[in-house]
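Have a look at the structure below, then the notes.
All chains are named by letter (A, B, ...) in the order of the sequence lines, taking the proteins before the strands, and each is independently numbered beginning at 1.
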Number of protein chains: 2
Amino acid sequence: MTAIFDSISEPLSRRVTAGLAKIGLVLRSRAWKGAGLAGVTPTQGQALALLREAPQGMKLAALAHLLGVSAPTASETVSALVAKQLAEKTPGSDRRSLTLKLTQQGETIALRTADWPDFLGTAVETLDPSEQAAFLRALVKIIRALQENGDIPVQRMCVTCRHFRPYAHPGSPTPHHCAFVDAPFADRHLRLNCPEQEPAPAEQRDAAWTRFAAPAGA
Amino acid sequence: MTAIFDSISEPLSRRVTAGLAKIGLVLRSRAWKGAGLAGVTPTQGQALALLREAPQGMKLAALAHLLGVSAPTASETVSALVAKQLAEKTPGSDRRSLTLKLTQQGETIALRTADWPDFLGTAVETLDPSEQAAFLRALVKIIRALQENGDIPVQRMCVTCRHFRPYAHPGSPTPHHCAFVDAPFADRHLRLNCPEQEPAPAEQRDAAWTRFAAPAGA
DNA sequence: CGGTCATTGTTCGGACTCCTAACTATTCAC
DNA sequence: GTGAATAGTTAGGAGTCCGAACAATGACCG
């Protein structure tokens, strides 16, 4: 039953990564055009978005880690934002560290630049809802694997959260449960960046993952 | 049956694009580290990969378009590659245009740098095969939508190919058919970059797409 | 033939991205 | 206290990216 294409094609996972890379490429190139209009460049825009998600402020090293760049690059980027009066450096806990915060203007710009990948959202919406949900579920799995491997900074995802109860309601259309808001939910509600997320202890996390990742969800 | 999460969450498509953006971010940052070892930078590596797929050579403007950058940027990038003796400029059809080709060394490096997203391949392989296939299918849909919208250069995909016969074998595990090699295939074999691809005329393309995209494939 | 006009690619100036290496200031550990 | 770790900056260099202005060449038209 093996098709000829199984032997003559590149591996499936390779074609998938190629596809993801193509999307990454266009995101990068769009970021220059789109974010450029708002007067900020891609990395600066990314930094604004990250700072917006951390209203209590963020250290430079943390920002560098999240951006996936070295400390000097982050330092330069922040300096540029400060020069544009979109962010400010406030004293941190130490006298050597500092806390980064957005200014009023920064908030405004951050909201505006958060829209730049809208063209991609439009493309995603050509998938029907159940396909989007399955796609999101697969993305979560991929990102978790990257995180587990140390290839990506730790994300505030449901699947590694203390309040996540996968398949607490088997058979239901909303089979999972969030113990924080005490409500059931489905794959389509999975979050990558929940403000309420708290990392679960290792043992709980592994058990939850095993249960969540089972093919049939059984 | 609407869950509380439907009202308090960001839209599904937005969370999907956020996930794709996160993967794009790590690809970018990895490209600096990984490709840096081979002595080429991300854009240069990307250019090598594109040139490798076009053994007959490529014009500068075409490369710029595929890279998603302006002509000056492409010109600089190519100059860097030529200086490193990884590519060469040969006369084109005109006396103003030129044809870009890889050198022997360039081939070697292109093969090496083609490996850099391997860490992502490893993560993708944590999905079971049927989930990978569904993921690829969804990626194809997204990329097609981007292409249709002019957000991404035209790709050599099965779904827009003259030889593509979606669901020519309904009910079979390999329901589609490629008229070029005259063999059946499945979603998991879909290609994003087939050397044999020839764009189908508009009418055929639309008919094939309608048939392919139908939820049940019926 | 000569005059436009579009095309192909380059150069220029400037801002940003990104790194490693070297540096200052501060804090912690013993 | 002295020395090691930590937080961030500066310096230098290669690369990425753009728009504007430029030289060629080719195409078209009167």
Side-chain angles (χ1 to χ4, degrees), chain A residues 24-48 57-84 86-100 113 116, chain B residues 24-48 57-84 86-100 113 116:
Chain A
L25 192 62
V26 64
L27 276 173
R28 190 153 50 259
S29 105
R30 270 307 175 105
W32 275 99
K33 292 165 195 166
L37 301 179
V40 296
T41 52
T43 307
Q44 291 171 15
Q46 212 97 30
L48 288 178
M58 188 181 273
K59 290 202 231 173
L60 180 64
L63 181 62
H65 184 231
L66 290 176
L67 286 173
V69 301
S70 62
T73 300
S75 183
E76 281 176 82
T77 299
V78 167
S79 298
L81 289 177
V82 170
K84 290 175 185 173
L86 301 179
E88 53 187 359
K89 299 176 181 177
T90 60
S93 45
D94 272 6
R95 217 175 311 178
R96 32 183 192 169
S97 76
L98 40 78
T99 299
L100 302 169
T113 57
W116 61 254
Chain B
L25 191 63
V26 65
L27 275 175
R28 191 153 51 260
S29 105
R30 268 309 173 107
W32 274 99
K33 293 168 192 164
L37 301 179
V40 296
T41 51
T43 307
Q44 291 171 14
Q46 213 99 28
L48 288 179
M58 187 181 273
K59 289 202 231 172
L60 180 63
L63 181 63
H65 185 231
L66 289 176
L67 286 173
V69 301
S70 62
T73 300
S75 182
E76 283 175 82
T77 299
V78 168
S79 297
L81 289 177
V82 170
K84 291 175 184 172
L86 301 178
E88 52 188 0
K89 299 177 181 175
T90 60
S93 44
D94 273 4
R95 217 175 313 177
R96 24 177 200 175
S97 76
L98 40 78
T99 300
L100 303 169
T113 57
W116 62 253

Kindly point out which of C:dT17, D:dG8, C:dG9 is positioned nearest to the side chain of B:Ala61?
C:dG9

Whole angstrom value for the distance that separates P of C:dT17 from CG of A:Leu67
10 Å

Does the side chain of B:Ser70 get closer than 4.0 angstrom to OP1 or OP2 of D:dC18 through an N or O atom?
yes

Whole angstroms only, please: what is the NZ-P distance between A:Lys84 and C:dA15?
10 Å

With the side chain of A:Pro72 defined as its heavy atoms from C-beta on, choose the nearest nucleotide among C:dG9, D:dA7, C:dC19.
C:dC19

Would you kindly check whether a donor in the side chain of A:Arg96 faces an acceptor in the base of C:dT27, or vice versa, at under 3.5 angstrom?
no

Could you please name the option among D:dA7, C:dT10, D:dC17 that lies closest to any side-chain atom of A:Lys59?
D:dA7

Give a yes/no answer on whether the side chain of B:Thr43 brings an N or O atom under 4.0 Å of OP1 or OP2 in D:dC17.
yes

Donor-acceptor pair under 3.5 Å: do we get one between A:Gln44's side chain and the base of C:dC16?
no

Counting heavy atoms from C-beta on, name the nucleotide in D:dA7, D:dC18, C:dC18 closest to the side chain of A:Lys33.
D:dC18

Would you say A:Thr73 places a side-chain N or O within less than 4.0 Å of OP1 or OP2 belonging to C:dT17?
no

With no angle test and no hydrogens, is the base of C:dC16 tied to the side chain of A:Glu76 by a donor-acceptor pair under 3.5 Å?
no

Between D:dA7 and A:Lys89, is there an OP1 or OP2 to side-chain N/O distance shorter than 4.0 Å?
no

Name the nucleic acid region contacted by B:Ser97, choosing base, sugar-phosphate or nothing; use a 4.0 angstrom heavy-atom cut-off, strictly under.
sugar-phosphate

